[in-house]
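Everything numeric here is computed off the predicted structure, so don't read it as measured data. Note: hydrogens, waters and symmetry copies are ignored here, and every other heavy atom, side chains too, is used.
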Amino acid sequence: MNNFLFAAAENDAIPKCKAGGMGDVVRDVPRQISEKGDRAHVVTPSYGRLHQNGTFRTNLNFQLRGVTYTAEIYEVPPKKIYENIHHYVIHHPEIEAGGIAHIYHDDPEEPFYTDAIKYFIFCTAVAEAIKQGVFGEIDVVHLHDWHSSLLLFLREYVKDYELLKPIRFVYSIHNLAIQGIRPFQNNYASLLNWFPTVDLDYKKLQDYRYTDCVNLMAVGIRLADAVHTVSPSYKDDVMKPSKPPEFIGGEGLELDLQQADKEGRLFGILNGCNYKNINKEQKGNIYRNTIKALFQWLQEESKKYKADFLAHTGEKIMEYISNGKPNFIACSVARLTEQKFYFFKRSPEAFIQILEKLEAKGGIFMLLGTGAPEYEELFRKISYEHKNFIFTNGQSESLIDSMYQECDLYFMPSLFEPCGISQMLAMRNGNPCLVHHTGGLRDTVDHLESGFAFDGDSYDEKIANMLNVFDQVLSIYDTDKARWKKIQQTAKRKRFTWKKSVDQYYKDLYKL
């Protein structure tokens with residue numbers, strides 16, 4: 001039996017430990033490993049809250065900043081029990097909950113200041129737990145994004161953790177744009193403040209742009225035994241330099257990724273999607289679930305500042321409860337960020353044209369999400385001005401499930417997309433997607449076969465093509481029902497299984 005350890009910032013197998021797609025991957029891959037008869041241990045930070053229902057395992061004592069730190073490790077109950085999977089959290093008072101999903105901090109003046117501190121502590125505690133044998137004898141450690149890459153630094157440079165060297169370390173990139181850049185010294189959240197006695201190889205650790213800083217995303221790429229992007233096309237993208245906004249590629253790390261590829265360490269393997277044990281809302285509940293979510297948020301103190309807008313959204317929804325379903329529903333579910341909605345933020349007039357095209361057909365656009373304030377403000381403003389734009393400015397699992405089931409078209413105009421899960425969830429329900437032809441969207445949606453895609457050589461060309469393809473969508477829906485049904489059926493038959501993905505992990509990443 002092989003023994004795996006997953007170290008990550010998120011794990012959706014336990015309650016309230018997810019901010020994005022990484023949490024899904026860290027939930028699903030161990031389950032597939034379990035089905036193969038192997039054992040998996042998954043460890044995340046506690047964020048001051050996730051240990052409360054856990055079982056204390058042991059204290060972990062280690063050196064940081066020249067003093068002894070003591071962290072606690074707890075085994076915690078998962079949402080669903082699987083054989084040979086164990087979930088743990090590391091608790092320490094300085095590993096605090098952030099404002100983003102009660103996980104990440106957003107330090108506007110010094111990016112990654114608070115998060116670097118908590119992940120320095122977390123990773124060192126995990127290394128100590130491995131050393132103490134908490135997880136047994138480990139064959140493979142699988143790290144996820146910059147938050148866990150410090151384990152590779154400890155393995156390479158800290159004598160106390162030389163026992164990590166024989167273990168195979170795999171590093172998965174979920175969001176290359178977020179790199180965990182911090183100063184080497186002269187700052188509380190600097191590398192040498194926390195590891196003052198380590199003899200650093202600055203060139204191997206530094207950021208190319210800020211040479212007085214460590215780049216923790218680069219550390220993962222440079223020091224791991226295998227590096228993994230979450231789709232084959234994204235692997236191709238990240239080995240090319242970014243030219244924003246037309247193309248988002250290696251984000252300054254393309255040379256490291258090219259080198260990893262030359263060394264046979266870089267692999268692009270598509271994420272999977274669940275096709276069984278799915279929690280499904282009843283069809284026909286989309287408007288009821290919207291109203292239910294709105295009333296719930298109206299009672300929350302933190303939502304008081306947007307109470308007028310929530311009531312405004314509820315008033316618009318009542319029309320569809322009273323008068324029946326609109327002729328066409330386009331929808332999107334995503335965090336409101338540059339990655340997901342840059343095209344709408346830079347060219348709001350294009351989004352308004354989409355709303356006008358829908359209005360002419362008796363259709364609506366439903367968007368659910370929270371995120372960057374400027375994006376929330378933009379979409380609230382457009383919602384006040386366009387009655388067929390239903391912007392649900394919050395998070396609701398039941399409403400999200402309803403949107404994936406009941407929309408006619410799922411819209412995903414991501415500026416870049418390492419893999420994407422939303423398009424897979426929509427396709428699973430037989431709903432075609434309209435996507436920007438980039439990264440994992442290129443690997444999952446085939447234009448005019450299982451959905452619709454737009455691209456272009458310049459930004460203006462991309463916007464023009466997005467509108468043209470949307471016209472094509474509405475035309476096929478209105479005038480060629482047989483073709484529309486065939487696209488729906490092709491989308492629904494697509495299978496991006498975790499079994500296929502994890503079989504490839506065993507071959508390429510884990511070498512088992």
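Defined by atom type and a distance below 3.5 Å, a donor-acceptor pair is missing between the side-chain atoms of Glu254 and Gln258. Between the side chains of Tyr208 and Asp256, at least one donor N or O lies within less than 3.5 Å of an accepting N or O. Remark: the Tyr506 side chain and the Gln504 side chain contain no N/O donor-acceptor pair separated by less than 3.5 Å. For the residue pair Asn11 / Thr44, no side-chain donor-acceptor distance below 3.5 Å is found, with atom types taken as modelled. Judged purely by distance below 3.5 Å, without hydrogens or angles, the side chains of Thr70 and Asn59 never pair a donor atom with an acceptor atom. Side-chain polar atoms of His228 and Asp508 form no donor-acceptor pair below 3.5 angstrom. Defined by atom type and a distance below 3.5 Å, a donor-acceptor pair is present between the side-chain atoms of Tyr104 and Glu10.
Under the 4.0 Å criterion applied to side-chain N and carboxylate O atoms, Lys462 and Asp455 are assigned as salt-bridge partners. Note on Asp261 versus Arg265: no salt bridge recorded, every NZ/NE/NH1/NH2 to OD/OE distance being 4.0 Å or above. Between Lys36 and Asp38 there is no salt bridge, since none of the side-chain N atoms of the basic residue sits less than 4.0 Å from a carboxylate O of the acidic one. Under a 4.0 Å N-O distance rule, the pair Arg27/Asp24 qualifies as a salt bridge. Comment: Asp225 does not engage Lys511 in a salt bridge, judged by the lack of any side-chain N to carboxylate O separation of less than 4.0 angstrom. Salt bridge present: Glu110 and Arg182 bring a charged side-chain N and a carboxylate O closer than 4.0 Å. By the 4.0 Å N-to-carboxylate-O rule, Glu35 lies close enough to Lys276 to be salt-bridged with it. A salt bridge between Lys204 and Glu156 is present, with a side-chain N of the basic residue lying under 4.0 Å from a carboxylate O of the acidic one.
Counting non-hydrogen atoms of neighbouring residues, nucleotides and ligands closer than 6.0 angstrom, the CZ atom of Phe247 exceeds 12 such neighbours.
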Under 3.5 Å donor-acceptor pairs involving side-chain atoms of residues 90-103, not counting sequence neighbours:
| from | atom 1 | to | atom 2 | distance (Å) |
| --- | --- | --- | --- | --- |
| His92 | ND1 | Glu94 | N | 3.1 |
| Glu94 | OE1 | Tyr188 | OH | 3.4 |
| Glu94 | OE2 | Tyr69 | OH | 3.0 |

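The salt bridge (Lys or Arg N to Asp or Glu O under 4.0 Å) search around Arg335 returns none, not counting sequence neighbours. Considering only residues two or more places apart in sequence or on other chains, Arg39 meets the salt bridge (Lys or Arg N to Asp or Glu O under 4.0 Å) condition with none of them.
For an aromatic pair to be called close, the ring centres must be under 6.0 Å apart, and Tyr375 with Phe341 fails this. No close placement of the Phe122 and His147 rings is indicated, their centers lying 6.0 Å or farther apart. Remark: aromatic rings of Tyr119 and Phe112 are distant, center separation not under 6.0 Å.
The aromatic rings of Phe153 and Tyr157 are tilted relative to each other, their planes meeting at an angle between 30° and 60°. Classified by interplanar angle (parallel below 30°, tilted 30° to 60°, perpendicular above 60°), the ring pair Phe6/His144 is parallel. Ring pair Tyr88/Phe135 is perpendicular by interplanar angle, where above 60° counts as perpendicular and below 30° as parallel.
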